[in-house]
Enquirer: 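Questions regarding the structure given below will be posed in turn.
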Amino acid sequence: MHATYTMLILSTLFCAPIVYFILAARKGREIFIRPIAGLEAIDEAIGRATEMGRPVLYVSGMTYLDIIGLCSMAILGQVAKMCARYDLRLIVPMTSYLLYPIAEEAVREAYAGEGKTDLFNSEDIVYVPGQFPYAAACVGIMHREKVAANFFFGSFAAESLILAEAGNQVGAIQVAGTISTMQLPFFITACDYTIIGEEYYAATAYLTKEPTMLGSIVGQDIGKLTMTALIVLGVICSVLVAWLSSVHSNWMIELLER
Amino acid sequence: MATELEAKDALRRKVETVVVVVISAGALLYMLVDMFRALANPPEGMSGGSALYERFIVSVAAICTIVIYSFLYRENLFYRFLQHILVGLSIGYGTAVIWTQLLKPNWWDRLVGAESLPPNPWWILAVFPGILWYFQLSRKKVWLSRILIMFFMGTGSGAAFMGVFNLLLTPEKGQIQQSFKPFLTRVGGAPWFTWTNFNNIIFVVVLLCVLSYFFFSFRHEKNPILPVSSKLGRYFLMICFGTIFGTTVQGRMTLLIDRLTFLYTEWLKILAS
Amino acid sequence: MRKKLLMILTFIGGLYYFVYWVMPVESRLEDTLAYFGKVTLVIGGFAFLLGVINMVRLHGGKIVLKRPGYHNSVALIVAMIAMTLAELLRFYIKPTPDWVSKAYDLLFFHMRTPIDSTIFSLLAFYMASAAYRAFRIKSLEAGIMMAVAVIVMLGQITVGISLTKWIPSEMLQLQNIREWFMKYWNAAAQRGILFGAMVGALALSMRIWLSLERGSFFDRQL
Amino acid sequence: MKKPWYEWIQSIDRRIIYLVVFVLVSLPFFIPIPLPMDVSEQVQKLYNKVEEIAEYNKTAKKKKVVLFSMEWDPAVQAECWPQTEAMAEHCLTRGVPFILFSRWRPEGPTLAQQIAEKRAKEHGKKYGEDWVNFGYKRMDLPAFLAFIKDIYSQVTKDTEGTPIRTVPMMKHVESIRDVDLIFHVTGSVGVEQWIQYLQPETGVDVSIGCTAIIGPEMYPYLDSGQMVGMMEGLSGAAQYERLVGHLEGRGTRGMGSQNLAHFWIIAMMILGNVGYVFQRRRERLDKQRVEMSGE
């Protein structure tokens, strides 16, 4: 269907703040993002791994080269930085041949940035194609290396169940973040903290402080606020329709469908 | 201590070998008997040879199934072998089908001409952008493949406006209009509160709380509503995940039931199919 | 230079559909849509050999170097060729000879299908062991989730439904409670997620369309 | 030292759990469990919609058609096969022609073709007249939009290589508007694109047959009316089979086993958590004792 006038106005209302805040953030405007509980859990998990002196596993699931995958790689970069700071070994199994080199580079850069190039071992970035072989490889690593912390960030499919269970078995601290709604229940029950849905992007922005992401998050918030306002007004109108005999139809609906 | 463990290990290995041999011998024996039975009295309208072949392929499928289940005991050679076969088959099929069902009718036939179509040499030009995909395989010229990827991403993002607003604002069925749930119903000229209205209140409250959980850039300290609503939002999300959890159990069990149905009805023929 | 080219191409690709959406129905663009679609369908299809080439590169190397487990790679390549041939022969030789359809039957319906569905069905077992070993009610959140999950599970099986069949009020029977959770609580929460995702989709398309995206993938190697 | 009971019940070997699952799922095959089943609202709505089309087709010269969007592969055939079968059975017996088609899953139309052939053989129906197979067309969004605009620009031949215009059934279909219902069967997502790009322009109804896992995600669309009905998982298929009267289908057969399997999962959850709670309580007590003695 082609755009109606309402749609055009609304699309401007949604998109203009996004573009404005992205540009503003790039020019150096301070942007606030509420602290995301799961991210503190990352620090905690890294701390625990440092105490125990055991490696950390970063699992990106069935993530491919898309925005989710790139966000996952950005978070990986931050995790790798923390690991490098505390001299921890980080193991990253990857399933996408397009993301694999990006992951390797992210970890290498993070270790180099902390001046720990000698700690980086390119064999710790493992390429395992296929869903179930990937899950089996991750489970194998968890048991063999007795990992102290598991991070699950990316898009996940059925393998989430297997991964979360195995991590629980070895007693690792687990932090998960995914926008795959269908897999969230398993992470919530088996992980110590779970970042839910859209929070995943906010978490990326919070960690990387990338202006584009930050600006976009603020712009999106304004879009969601607009939506909330629309819904509240619409509900009020529908109550009025039932309450007052003089009102015959819902003005909001008429307005939106013009 | 070590020798004791070793002895235990050796015993376990022996038991495992015996179990594997017994199961595979049983399966093979059943397969042979089954095939001979089919050869001896083939079903009506079928030659003995085809009947035998039919039973043979059913047995192959059953043996594949059993071998995969052996993974539950331990990862093993046979499982890995079948896994590789699966990857080969699915890639082979996906490739061949794109040729036979997409490129052949929509490109080749137009290029060289088929039944009613005159040949149109201009279609050869489609090869040049098409070939760009393969630069993904080169480390140096990978940017050439980006031309296609970014172009498709661009078209996708341009079309997203249409998609998003159609989903949200289709006349009468739009997600936004359908969220305007009335909290009161007009019955006989007077406002009234019914069970549906109660459910509508639940719906709108849950919707708004969940939406507020996904506000990230507002400060909670200065806001009277947001801390409460976002906390409630997280709990409401848990209810939603609970339903997903419940249905997932059903979904996963169905997968197993399907395989067992196959084994019992088509292979072992214990049950009528 | 390259980067500019990509930016312009992305913008033009997006602009076409944006303008198509903004323009009223009778626009000229309406007619071009089908032509454009015809060409993009074919161009998209040309990626079809990527999977094969990747597999041959990965496993061909293993076979040549006789790495451990190379017999698996041989099986993979053989299976790939066999399946491709079966489909091509089935398509090109008309009427299909008996042996081709038999081979196709074996490869597709009695190997491809059962192996795939059996591997996926392993999840039924994992579900049980995960329920036992991993799903711990560590917090109020997990508690709420589990409670709803149990109601939903009981409400979708026949024995569970007959447990509460005796209750005279239909509303309190398990299958209806399940339906109530699904239709109101779940639908509303899902819609909340959906709204967030839709705004997110708009933001993402704005970023890609106007080439505002930053990050390693978009900045590197260009 | 002997393990305390709460540790013992937390340390059952996983292979024993697997074995019990296997036994419990197998039992109802041999000992039937009574299956009182209510047909859910969503399934009933879907059935009514197809019935509506069938009633129309009885008198109409140009029949309305259902498009089966077969986005499933063998991995999820356990749920999607019975759903497709129930729907194909309904369409074939009630004289509703249908189209098989897929954008993402090469195997979908092939498996659906097999289902349709089996059902057609029983009812004496013929390929080309009662159904047609478009096959797998890997469509990106531009191609999909063109498909909506003009089917024939994107589909020139069916899977057998017959030019699509010469297939007898296609005389009913000039454009996508002649399709009255989309029946999207899937184990992942993708149904949104029909709602986003097809429905507002043409008013074609969309319905879904999905694995139980993604069922909850479809409720916002069912609530808004963008989706007319849904078959959710095996139970949805079983309910549809009951409505169609196809009781020997895979759906109905499997429902018995669901019961015991579900109870086993619930039991496992309770067992694991009871052990966990007691273990935690013991740990807390131990800790208190240590603190007390430390003072």
Side-chain angles (χ1 to χ4, degrees), chain B residues 57 60-61 64-65 68 72 80-82 84-89 91-93 95-96 98 100 102-103 106-107 126 129-130 133 143 146 150-151 153-155 157-162 164 199 202-203 206-207 210-211 214 236-243 245-246 249-250 252-253 255-256 259, chain C residues 2 6 9-10 13-14 17-18 21 41-43 45-48 50-52 55 72 75-76 79-80 83-84 87-88 91 106 110 112 114-116 118-121 123-125 127 141 144-145 148-149 152-153 156 181-182 184-186 188-189 191-192 195-196 198 201-202 205 208-209 222:
Chain B
I57 56 178
V60 169
C64 288
T65 305
I68 302 272
L72 288 171
R80 236 172 293 149
F81 181 73
L82 281 189
H84 279 80
I85 290 207
L86 172 65
V87 174
L89 289 175
I91 289 186
Y93 187 72
T95 312
I98 289 206
T100 58
L102 199 156
L103 288 178
N106 287 26
W107 177 69
W133 287 118
W143 76 275
R146 297 268 170 81
M150 290 314 289
F151 179 70
M153 271 175 136
T155 53
S157 56
F161 288 91
M162 196 184 341
V164 167
N199 286 332
I202 293 178
F203 194 102
V206 172
L207 172 61
V210 168
L211 208 50
F214 293 120
F236 292 148
L237 278 168
M238 292 304 143
I239 295 181
C240 160
F241 296 147
T243 62
F245 189 109
V249 172
Q250 190 200 15
R252 301 297 186 228
M253 287 307 156
L255 302 170
L256 173 60
R259 293 326 295 157
Chain C
R2 290 170 180 179
L6 286 190
L9 265 174
T10 315
Y17 286 101
F18 185 74
W21 178 61
L41 181 72
V42 170
I43 293 176
F46 270 117
F48 74 125
L50 267 183
V52 174
M55 281 300 145
N72 284 338
L76 188 147
M80 191 164 78
M83 191 74 239
T84 314
E87 168 67 19
L88 289 179
F91 186 79
L106 171 68
H110 292 87
R112 165 88 177 86
I115 296 177
D116 199 0
T118 311
I119 288 185
F120 211 56
S121 77
L123 285 167
F125 296 101
M127 190 80 205
E141 284 174 8
I144 295 174
M145 201 182 95
V148 176
V152 169
M153 280 158 75
Q156 69 196 6
F181 271 118
M182 283 285 187
Y184 298 101
W185 298 86
N186 164 58
R191 187 171 285 173
F195 281 171
M198 283 294 128
L202 273 185
S205 9
I208 289 178
W209 186 32
L222 288 173

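Order of the sequence lines fixes the chain letters, A, B, ..., with proteins taken first and strands second; residue numbering starts at 1 for each chain.
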Enquirer: Only pairs of heavy atoms separated by less than 4.5 Å count here; which of Ile239(B), Leu102(B), Leu211(B) has the most with chain C?
Expert: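 Heavy-atom pair counts peak at Ile239(B).
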Enquirer: Determine whether a donor-acceptor pair (N or O, by modelled atom type, separation under 3.5 Å) exists between the side chain of Trp133(B) and the backbone of Ile43(C).
Expert: yes
Enquirer: Between atom CZ of Phe18(C) and atom CE of Met162(B), what is the distance when rounded to the nearest 0.5 Å?
Expert: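 The distance works out to 10.5 Å.
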Enquirer: For the interface with chain B, which of Met55(C), Met127(C), Met145(C) has the highest count of heavy-atom pairs at distances below 4.5 Å?
Expert: Met145(C)
Enquirer: Could you check which of Phe161(B), Phe214(B), Phe241(B), Phe236(B) has the highest count of heavy-atom pairs closer than 4.5 Å to chain C?
Expert: Phe161(B)
Enquirer: Grab the two heavy atoms, one from Cys240(B) and one from Asn186(C), that are nearest each other, plus how far apart they are.
Expert: SG-OD1, 3.7 Å
Enquirer: Among Tyr93(B), Phe151(B), Phe81(B), single out the residue with the greatest number of heavy-atom pairs under 4.5 Å to chain C.
Expert: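 The candidate making the most pairs under 4.5 Å is Tyr93(B).
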Enquirer: What's the verdict on side chain to side chain contact (heavy atoms under 4.5 Å, CB included) for Arg252(B) and Phe120(C), showing C-alpha distance, side-chain angles and the deciding distance?
Expert: CA-CA 9 Å; Arg252(B) 301 297 186 228; Phe120(C) 211 56; 4.0 Å; yes
Enquirer: Rounded to the nearest 0.5 Å, what separates atom CG in Leu207(B) from atom OH in Tyr184(C)?
Expert: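 Between Leu207(B) CG and Tyr184(C) OH, I get 14.5 Å after rounding to 0.5 Å.
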Enquirer: For a quick test of reading the model, state the closest non-hydrogen atom pair linking Gly45(C) to Ile98(B) and the distance between them.
Expert: O-CG2, 3.6 Å
Enquirer: Pick from Leu237(B), Ile202(B), Ile85(B), Val87(B): which one has the most heavy-atom pairs with chain C under 4.5 Å?
Expert: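 Among Leu237(B), Ile202(B), Ile85(B), Val87(B), the one with the most close pairs to chain C is Ile202(B).
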Enquirer: Looking at Val60(B), Val210(B), Leu86(B), which makes the most heavy-atom pairs under 4.5 Å with chain C?
Expert: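 So the answer, after comparing Val60(B), Val210(B), Leu86(B), is Leu86(B).
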Enquirer: So, taking the atom named CE in Met182(C) and the one named OG1 in Thr243(B), what distance separates them when rounded to the nearest 0.5 Å?
Expert: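 So the CE of Met182(C) and the OG1 of Thr243(B) are separated by 4.5 Å.
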Enquirer: Which heavy atom of Leu256(B) sits nearest a heavy atom of Ser121(C), and at what distance?
Expert: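 The pair with the smallest heavy-atom distance is N-CB, 3.8 Å.
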Enquirer: Check Arg112(C) against Leu89(B) and note the closest heavy-atom contact, atom names and distance.
Expert: N-CD1, 3.7 Å
Enquirer: What is the minimum heavy-atom distance between Phe203(B) and Ala188(C), and which atoms define it?
Expert: O-CB, 3.3 Å
Enquirer: So which residue, Asn72(C), Val42(C), Val152(C), Thr10(C), ends up with the most heavy-atom pairs under 4.5 Å with chain B?
Expert: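 Option with the greatest count: Asn72(C).
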Enquirer: Given that the side chain runs from C-beta out, which part of Arg259(B) has a heavy atom under 4.5 Å from chain C: side chain, backbone, both or neither?
Expert: side chain
Enquirer: Please report the shortest heavy-atom distance between Glu87(C) and Ala96(B), naming the atom on each side.
Expert: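 Looking at all heavy atoms of both residues, the shortest contact is CG-CB, 3.5 Å.
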